[in-house]
Amino acid sequence: MATIYFEDVQEGTLVPPLTKQPTTRQLVMWAGAIGDYAEIHYDLRAAQAAKLSDVIIHGALKCAFLGQLVTDWIGPDGTLEKLGASYRGMDSPGKSITCKGRVVKKTRVGKKNIVECDVWIENEKGDTTTTGKAVVALPSRG
Amino acid sequence: MTQQSVLTPELKAQIGRTGKPIVFDIEKGAIRKYAEAISDKNPLWVDEGFAKETRYKGIIAPPVFLHAASILARKAADGVFVSPLKNTVNGGQEFEYMAPVRVGDTITAVCRLGDLKEAQGRLGMMLIVTYLIGCKDQRGKPVANITQTIISY
């Protein structure tokens with residue numbers, strides 16, 4: 001991934017989108033990798049007993065996808081300062097979800113070139129299920 | 001029909017309490033397993049040769065990797081807040097990063113009960129629990145602050 005510079009982005013610049021197609025197997029891999037074994041993510045009966053219609057994708061996995069959206073974009077020379085997500089709607093495996101982002105503010109904070117972005121996830125129907133914010137520090141061309 | 005409040009003064013009195021600190025080692029293999037789980041092929045997480053050439057001089061933890069530490073810190077704070085409601089779901093989270101976390105670092109994390117609110121929603125009466133998890137490295141330097149919102153229903 002190429003370095004992006006503070007001068008290369010403006011308010012309204014779009015982050016290249018990232019599409020994921022999580023499977024239940026991926027949710028099991030996530031459960032093991034992160035240590036979250038809540039059954040609502042891989043056991044349908046447990047999900048239904050918890051008043052959910054299907055197993056759901058771990059919120060934190062969606063946050064991880066949004067993290068990748070941003071780190072893929074900024075490359076190793078950019079620094080992620082903040083990443084946040086709110087899980088407004090549930091997503092279930094077996095469907096495509098798309099991570100998107102847009103620059104909303106550019107500012108200098110001390111010595112850092114700070115770029116604030118809205119980030120979010122849309123489901124196959126185009127509904128936003130997850131909203132979030134990412135703050136990055138980018139290098140300058142000088 | 002309005003349901004009965006579950007947010008008692010006894011529960012509210014728990015706000016500000018902290019759990020025991022937990023220790024979380026940053027391991028190369030765990031980062032690799034994490035990267036595979038999220039299907040993220042960024043070499044910064046898995047390719048030692050690539051990572052050494054960056055300003056980090058080695059593999060670093062991906063953005064949400066410390067969620068594992070926050071889970072452990074919350075478990076260690078089990079007695080701080082016990083919900084009267086049966087189910088839980090992740091409502092949201094925020095990571096604030098102060099320094100990169102490297103393979104070989106040892107992170108100490110402490111969970112504090114930040115806030116309790118109640119609301120009625122599609123799932124019935126809900127408690128919205130905010131946990132604050134502070135992460136420091138082996139030198140005592142703060143590396144990340146995590147805000148975790150859990151919805152109990």
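Note on naming: letters A, B, ... go to the chains in the order of the sequence lines (proteins, then strands), and numbering restarts at 1 for each one.
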Contacting region of [X] [heavy-atom separation from chain A under 4.5 Å]:
X	result
B:F65	backbone
B:I71	side chain
B:T88	backbone

Does [X] have more than 12 heavy atoms from other residues, nucleotides or ligands lying within 6.0 Å of its [atom1]?
X	atom1	result
A:K133	NZ	yes
B:R102	CZ	yes
B:E53	CD	no
A:R102	CZ	no
A:R45	CZ	no

Ignoring hydrogens, what is the shortest heavy-atom contact between [X] and [Y]? Give both atom names and the distance.
X	Y	value
A:P76	B:T54	CB-CG2, 3.9 Å
B:I38	A:F65	O-CE2, 3.5 Å
B:V64	A:A60	CG1-O, 3.7 Å
B:Y56	A:G78	OH-O, 3.8 Å

What residue in [options] has the most heavy-atom pairs under 4.5 Å with chain B?
options	value
A:A31, A:G132, A:G59	A:G59
A:G67, A:S86, A:C63	A:C63
A:K51, A:M29, A:K82	A:K82

Using a 4.5 angstrom heavy-atom cutoff, name the option from [options] with the most pairs to chain A.
options	result
B:A51, B:A144, B:A37	B:A37
B:P62, B:P100, B:G91, B:P63	B:G91
B:R55, B:E94, B:K33	B:R55

Nearest 0.5 Å, what's the [atom1]-[atom2] distance between [X] and [Y]?
X	Y	atom1	atom2	result
A:Q26	B:E36	CD	CD	11.5 Å
A:Q68	B:S39	CD	OG	6.5 Å
B:D40	A:K20	CG	NZ	6.0 Å
B:N90	A:H41	CG	NE2	8.0 Å

Hydrophobic cluster membership, with links at side-chain heavy-atom distances under 4.5 Å among I/L/V/M/F/W/Y: are [X] and [Y] in one?
X	Y	result
A:V119	A:V103	yes
B:I146	B:V23	no
A:V55	B:I151	no
B:V103	B:F24	yes
A:I34	A:V28	no

Less than 4.5 Å to any heavy atom of chain B: does that hold for the side chain of [X], its backbone, both, or neither?
X	answer
A:L66	neither
A:L52	side chain
A:I56	side chain
A:A49	backbone
A:L80	both
A:T131	neither

Whether B:Y97 side chain and A:L83 backbone form a donor-acceptor pair below 3.5 Å: no
Hey, what's the ring geometry for A:W30 with B:H67, parallel, tilted or perpendicular (30° and 60° as the breaks)? parallel
